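Notes for the one structure printed next.
Not measured: the values here are computed from a predicted model. The figures that follow rest on heavy atoms only: side chains count, while hydrogens, waters and symmetry mates do not. Counting from 1, the numbers follow the sequence of the chain as shown.
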Amino acid sequence: MVEHDALSVSREAYDAVAHTYAQLFRDELRDRPFDRAILSAFAEVVRASGDGQVADLGCGPGHITAHLDELGLSVFGVDASAVMIKLARNAYPGLRFDTGSMAALNIADGELGGVLSRWSIIHTPPQELPVILAEFNRVLAPGGHLLVGFSASDDPSHPTQAFDHAVATAYRWWPDHLAAMLRKSGLAEVARMVREPLPTDRRQFQEIQLLARKAQNA
């Protein structure tokens, strides 16, 4: 399955569940102190590096975009699902939300101080992920930061593992392997947060959030 087919499948699937998704995840940060902490750290390093605009890529119904706005960032959201974008615009009318693909962003080279990709790469087929990471690098200004969240695979000998996501086929990544792909795309890892699954979590996967930075002289 090539990327544009995967994108179509994912977009249609999220269009279908958008209202349910928005209800389920609207308050997800309330009980996630570590997620709030890494988002706060992301906001701080973006401001320290020049306080440029931030894109929340794969923003869904916009709740994380709104949280970044509350943290003082100049942020806008992008999602492939038109229904998600409609919900985001209705819920947060003071913020900007655009439809778009992470593989071909309608954003100028070096325009952004930060990119948030919170579990938005998981439906990208592994062979197509380098295109997405290169696009992240392209739109970031020198010194800009990327925060990418994903679920970890179980074994470094299997750097990617497909799993049966509730919405569409998704992929887990071995963290060091993804960090190496980021380096190859021009983004050097700065820090990572590893969250172990709770006994009550439906899937017993580690959750990883990698913070990476584009070189100042890039």
Drop me the distance from L29's CG to I64's CD1, to the nearest 0.5 angstrom. 4.0 Å

Nearest 0.5 Å, please: how far is CD in Q209 from OG in S117? 10.0 Å

Taken to the nearest 0.5 Å, the spacing of D98 CG from I107 CD1 works out to 8.0 Å

Residues R138 and E135 bridged, charged N to O under 4.0 Å: yes

Applying the 4.5 Å side-chain criterion to the ILVMFWY set and letting contacts propagate, would F25 and L95 be lumped into a single cluster? no

Would a 4.5 Å heavy-atom cut-off, applied to side chains only, mark T160 and W173 as touching? yes

Would you compute the distance between atom OG of S101 and atom CG of N106 and round it to the nearest 0.5 angstrom? 11.5 Å

Over 60° means perpendicular and under 30° means parallel, so tell me whether F97 and Y92 are parallel, tilted or perpendicular. tilted

Is the NZ or CZ atom of R172 positioned over F150's six-membered ring, under 6.0 angstrom from the centre and within 45° of the axis? no

So if you build clusters from Ile, Leu, Val, Met, Phe, Trp, Tyr with side-chain heavy-atom gaps below 4.5 Å, do V45 and L116 land together? yes

Between D35 and R30, is there a salt bridge with N-O shorter than 4.0 Å? no

When clusters are formed by joining ILVMFWY residues with side-chain heavy atoms under 4.5 Å apart, either directly or through shared neighbours, do V148 and L39 land in the same one? no

If hydrophobic clusters are built by linking Ile, Leu, Val, Met, Phe, Trp and Tyr wherever their side-chain heavy atoms come under 4.5 Å apart, do V194 and L178 end up in the same one? yes

State whether E28 and R118 are salt-bridged, where the test is any N-O pair (Lys NZ or Arg NE/NH1/NH2 against Asp/Glu carboxylate O) under 4.0 Å. yes

Is it true that a side-chain atom of Q204 and a backbone atom of L198 form a donor plus acceptor pair closer than 3.5 Å? yes

Any luck finding a side-chain donor-acceptor pair between S81 and D79 under 3.5 Å? no

Straight-line distance of K214 NZ to L182 CG, nearest 0.5 Å: 13.5 Å

Spell out, yes or no, whether I38 and L187 are grouped together once hydrophobic residues are joined by side-chain heavy atoms under 4.5 Å, including indirect joins. no

Calculate, to the nearest 0.5 Å, the distance between atoms CD1 and CE belonging to I208 and M193 respectively. 8.5 Å

